[in-house]
Trainee: 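Take a look at this one; I'll ask things after.
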Amino acid sequence: MEKAVIETPAGFTGVCWTGAGLVVLNLPAPTVDEAELELRPVLDRLPSRTSGGVAGEGGGIDVKRLESEISQYFRGRRVDLSFPVDWSYFTEFRRKVLEKVYAVPWGQVVSYGRIAVEVGSPGGARAVGGAVGSNRVLLVVPCHRVIAHDGTLGGFGSGLDWKRRLLRIEGIDI
DNA sequence: CTAACTAAACCTA
DNA sequence: TAGGTTTAGTTAG
């Protein structure tokens, strides 16, 4: 597992990855120390892999490009953030949900219920809430673009203020 | 295995 | 619109 702290206009964000892709990407913190500190509890709670391990660590992530694109994001530029994700730490259901979320483009939103239908669990909107709540690869897996059916915010692990702020960057006022 | 959680949605009044 | 009911998956015991 590789680690780094990258600098963005919004602060310092901690990142972890394997040869397969990103495992953790936190929201920006005010200082490098805080960014590193916030990485620890996430890694401690990382569940064991559900699918096979990865051969050859250390390829995967172009950290400079990541830093550049995340910075662009916080400057309000439309970026894809199409970096590889290491899905192997998620259960089957959560992986399916988060892969659908991964595909939601900048500036667009989806409801929990719609994702539930898309992964073949109609009526499982609440379970989808649990799944997106387990996302640790913020921004790259844009779980902030998942909102409630009635157009209200729903929830967000890092606080609704962050969710509102991220959506606002993308031109969505809720 | 059951019970108790969710970042939900629906139905009814 | 408010309030209760139903829902699917995960996790703790």
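Just so it is clear, the model here is predicted, and its values are computed rather than measured. We name chains A, B, ... by the order of the sequence lines, and we start the count at 1 in each one.
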Trainee: Applying the side chain to side chain contact (heavy atoms under 4.5 Å, CB included) criterion to A:Pro28, which one of A:Leu138, A:Thr8, A:Ile70 satisfies it?
Mentor: A:Thr8
Trainee: Mark yes or no for whether A:Asp80, through its side chain, and A:Ser82, through its backbone, hold a donor-acceptor pair below 3.5 Å.
Mentor: no
Trainee: Output the residues of residues 139-151 of chain A in contact with DNA chain B, where contact means a heavy atom of the residue under 4.0 Å from an atom of the strand; sort by number or write none.
Mentor: A:Cys143, A:Ala148, A:His149
Trainee: With no hydrogens and no angle check, is any side-chain donor or acceptor of A:Glu2 less than 3.5 Å from a backbone partner on A:Thr18?
Mentor: no
Trainee: Give a yes or no on whether the backbone of A:Gly124 and the side-chain of A:Ser121 come within a donor-acceptor separation of less than 3.5 Å.
Mentor: no
Trainee: Can we say A:Arg145 and A:Glu170 salt-bridge, meaning some charged N sits less than 4.0 Å from an Asp/Glu carboxylate O?
Mentor: yes
Trainee: Measure CD1/A:Ile174 against P/B:dA7 and give the value in whole Å, please.
Mentor: 18 Å
Trainee: What integer distance in Å separates A:Lys163:NZ from B:dA8:C1'?
Mentor: 11 Å
Trainee: Cation over ring, A:Arg95 on A:Tyr89, under 6.0 Å and within 45°?
Mentor: no
Trainee: Provide, to the nearest angstrom, the distance between the CD1 atom belonging to A:Ile115 and the C1' atom belonging to B:dT6.
Mentor: 17 Å
Trainee: Using the 3.5 Å cut-off, write out each protein N or O paired with an N or O of nucleotides 2-5 of chain B and the distance between them.
Mentor:
none

Trainee: Could you work out, with salt bridge (charged side-chain N to carboxylate O under 4.0 Å, His left out) as the rule, every residue matching A:Asp161, not counting sequence neighbours?
Mentor: A:Arg164
Trainee: Rounded to the Å, how far apart are A:Tyr112 OH and B:dA9 P?
Mentor: 8 Å
Trainee: So, A:Glu92 and A:Lys96, do they make that salt bridge, N to O below 4.0 Å?
Mentor: no
Trainee: Give a yes or no on this: more than 12 heavy atoms of other residues, nucleotides or ligands lie within 6.0 Å of atom CZ of A:Arg65.
Mentor: yes
Trainee: If you group Ile, Leu, Val, Met, Phe, Trp and Tyr whenever their side-chain heavy atoms sit less than 4.5 Å apart, what else falls in with A:Val32?
Mentor: A:Val5, A:Phe12
Trainee: Nucleotide by nucleotide, 5' to 3', does protein get under 4.0 Å of the base (B), only the sugar-phosphate (S), or neither (-) in nucleotides 2-10 of chain C, counting heavy atoms?
Mentor: ----BBBSS
Trainee: Could you tell me whether A:Ser111 contacts a base, only the sugar-phosphate backbone, or nothing, with contacts defined as non-hydrogen atoms closer than 4.0 Å?
Mentor: sugar-phosphate
Trainee: Does A:Asn26 reach the main-chain N or O of A:Ala35 with its side chain, forming a donor-acceptor pair under 3.5 Å?
Mentor: no
Trainee: Output yes when a side-chain donor or acceptor of A:Ser68 lies under 3.5 Å from a complementary backbone atom of A:Lys64, and no otherwise.
Mentor: no
Trainee: Under 3.5 Å for both distances, Watson-Crick or G-U wobble, that's the pair rule; now give the dot-bracket for DNA chain C, with | marking pairs to another strand and [ ] for crossing ones.
Mentor: ||||||.||||||
Trainee: Given 3.5 Å as the limit, does a donor-acceptor pair link the side chain of A:Lys163 with the main chain of A:Leu153, or not?
Mentor: yes
